[in-house]
Amino acid sequence: MFGRRVPPHIVFASSVALAALCAVLAFLAAQSQSWVWVGVAAVLAVWFAVDAFRSFSWVQEKKRLEAEKAAQNGHRRDNNR
């Protein structure tokens, strides 16, 4: 959007917070029997929860790739001796 990507850990933290907020709002709307708002808040809570899961998997994939790269570089270094 602005030429830079938001770091995955920030996306994860904000998505978890927004998912929890929407879940609380869905619960409060259910208490007042406002079913349209229950639906809207529940859909948003699921949306943000899925987004949090995706950003968490990005972080895990990045760590896995960095570990593989470090292992390959270490193996190459040992062979060059």
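This chain uses plain numbering: 1 for the first residue, then up along the sequence.
Connection of V40 to W47 is established within a shared hydrophobic cluster, with ILVMFWY side chains joined at heavy-atom distances below 4.5 Å, either directly or through further cluster members. Cluster membership for V24 and F27, using ILVMFWY side-chain heavy atoms within less than 4.5 angstrom, is shared. Hydrophobic clustering of Ile, Leu, Val, Met, Phe, Trp and Tyr side chains at less than 4.5 Å, counting indirect connections, keeps L18 apart from V16.
Rounding to the nearest 0.5 angstrom, the gap separating the CH2 atom in W37 from the OG atom in S32 is 11.5 Å.
E68 has its side chain within reach of L65: a pair of non-hydrogen atoms, C-beta onward, lies under 4.5 Å apart.
Residues S55 and P8 approach most closely at CB-O, 3.8 Å, considering heavy atoms. When all heavy atoms of A45 and A23 are compared, the closest pair comes out as CB-N, 3.8 Å. Of all heavy-atom pairs spanning A26 and V38, the tightest one is O-CG2, 3.7 Å.
A salt bridge links E61 with R64; the closest basic N to acidic carboxylate O contact falls under 4.0 Å.
Atom CH2 of W58 is surrounded by more than 12 heavy atoms from other residues, nucleotides or ligands within 6.0 Å.
Looking at residues two or more places apart in sequence or on another chain, you find a ring-ring contact (aromatic ring centres under 6.0 Å, His included) between F56 and F12.
Checking each of D51, I10, V50 against S15 for a side-chain contact (heavy atoms from CB on, under 4.5 Å) leaves exactly one that passes, namely D51.
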